[in-house]
Asks: 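What follows is a structure written as structure tokens; I'll ask about it next.
Note that this is a predicted model, so its numbers are computed, not measured. We name chains A, B, ... by the order of the sequence lines, and we start the count at 1 in each one.
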Amino acid sequence: MTNQDIRCRFAPSPTGYLHVGSARTALFNWLFARSVGGTFVLRIEDTDGDRNRPELIEVIFDELRWLGIDWDEGPFYQSDARDRHRQVVTDLLVAGRAYLEDSDKNLVESTELLDAHAVRYRVPKDQTVTFNDAVRGEVSFETNDLEDFVVWRSNGTPTFLLANAVDDADMGITHAIRGEDLLSTTPKVQLLMHEIGATPPTYGHLPLLVNEQRKKLSKRRDDVSIADYRTRGYLPEAMVNYLALLGWGPDDDIEIRPIAEIVAKFDLSRVNKAAAFFDLKKLDHFSATYIQNLATDAFVAQAMPYLQADDRWPAEAVDSALVSEFAPEVQKRVAKLSEVPDWYDWIFLDTVEIEEKALAKGLQKAKSADQVLDGVIAAFADCPWDEDVLNQTVRDVGDALGVKSAGPVRVAVTGKMGGIPLYGPLVRLGREKTIDRLRAAREYI
RNA sequence: GCCCCGUUCGUCUAGCGGCCUAGGACGCCACCCUCUCAAGGUGGUAGCACGGGUUCAAAUCCCGUACGGGGUACCA
């Protein structure tokens, strides 16, 4: 088999939104396929009729595309192979390799029986199922530890075990890369594959992604929806880069790098075996770095929707030229796009509300803040409205009083203790609004 | 309970018998820069779970113990 013959797949079941664990599995399959020049197949495992939510299928595709994970074949739907699955179960029953649950009949005398009875596979005794896992090495199970498992539900649908085995065989999948939570289902699936005369693919079980409690990430408990990260304005490149480093690391210690390099470096056999904690702090660092490296225009284009959607001001109030002017300063300060508006708010707002701690620390407790504001108000009344002049003017007022003067001014004008450099935006804000804010703040002291 | 898997700084990882008095990154701390907050720069903090082997030599190989996790559904 050459690398071009390698076929792997991502096979999600549409029972929920795409979450980071699934996305990581999809990514590793994709990285593996791309790194060896093989084929990446997308298959939707929609056999569980009750828990299926068809409306989520498109959403899953959309999230994959957003992440830049493209597929070469598919999407295929497991439900389309229903007849094939039914035939396999029937063959198993006829051959005596499986039996109907809650029924005396050993054979399928009428196919209707398959709509009312579950079917269990007759697990052979005294066998050892051994396979060479691409990431964990040799793993083996005794069939005597396996119960006769259900391959067909009484509602007339195949279970994951059967559908997965049949589909992987029929689609010529050579490598099944999936989460470690599926490791113990492997012997069952392999047994079924042998029953239908197929050669099982090479399995590669990825270490689980876990939370602080070291438990498998769960949709209920943990914050794991890819869609949520997207909404919050994480860049997909950062997300993918970070995800690629969970359970794997390049040998040259370079972490933040283009996906093409990751593809070139990726090696399935070097994937780790131990569970990995999904660390939001590190993701933020990756995202911040990617945002910082964005060209100004690209950053502005991506940030505009977040600015326009902010309900503190009308969308029309967001002037892209103005956004652009201070973009480089904002880029250095955000980890995700949803944080952007808070760095610009004081520029778009007519009046600002002074934050509680800024009021206390920056104004009321600041030394001579009242005199600073009085001095600046007076000086700003007729000085040239220029960045350098404003800067120097505030300094002079402070020097005359022997205190640091920029703090109170910043709090008065922006309502916050910290922010992007003050004087450039002040020029754009204008003399009138600036002085109004200084006067308003003066009242609080 | 039973089966399976795992264990390098707090976290993600490099390491695949000598290059390791264990490297990088995030975080944290300090300093520099600075109108603030950041960014950036510099430095620091902290780890091979434990016990036995094998070997001239072990983070790396083997066995055991402890701890953690996954599975044990007519979910996947």
Asks: Ignoring hydrogens and angles, does a donor from either the side chain of A/Glu255 or the base of B/G24 sit under 3.5 Å from an acceptor on the other?
Replies: yes

Asks: For A/Leu182, answer base if it contacts any base atom (sugar-phosphate contacts may also be present), sugar-phosphate if it contacts only those atoms, and nothing otherwise; contact means non-hydrogen atoms under 4.0 Å.
Replies: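 Base, at least one base atom sits under 4.0 Å.
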
Asks: Hey, which of these two, A/Gly249 or A/Glu101, hits RNA chain B nearer its 5' end, going by closest nucleotide?
Replies: A/Gly249

Asks: What string of B, S and - do you get for nucleotides 35-48 of chain B, 5' to 3', when a contact is any protein heavy atom under 4.0 Å?
Replies: BBBBS---------

Asks: Taking OP1 and OP2 of B/C4, is either one under 4.0 Å from a side-chain nitrogen or oxygen of A/Ser140?
Replies: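 For A/Ser140, the contact criterion (side-chain N or O under 4.0 Å from OP1 or OP2 of B/C4) is not met.
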
Asks: So A/Tyr203 and A/His205, would you call those rings parallel, tilted or perpendicular, with 30° and 60° as cut-offs?
Replies: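 Plane angle under 30°, so parallel.
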
Asks: Angle between ring planes, A/Phe141 versus A/Phe131, binned at 30° and 60°: parallel, tilted or perpendicular?
Replies: parallel

Asks: Is there a donor and acceptor pair closer than 3.5 Å between the side chain of A/Asp253 and the base of B/G23?
Replies: yes

Asks: NA contact type, A/Glu45, heavy-atom cut-off 4.0 Å: base, sugar-phosphate, or nothing?
Replies: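 Sugar-phosphate contact only - A/Glu45 comes under 4.0 Å of backbone atoms but never of a base.
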
Asks: Is the distance from OP1 or OP2 of B/A76 to the nearest side-chain N or O of A/Asn52 less than 4.0 Å?
Replies: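 Checking A/Asn52 against B/A76: no side-chain N or O falls below 4.0 Å of OP1 or OP2.
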
Asks: Within the structure shown, what part of the strands sits under 4.0 Å from A/Asn164 by heavy-atom distance: base, sugar-phosphate, or nothing?
Replies: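 Nothing: the residue A/Asn164, judged by heavy atoms under 4.0 Å, touches no strand.
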
Asks: OP1, OP2 of B/C4 versus side-chain N and O of A/Arg136: anything below 4.0 Å?
Replies: no

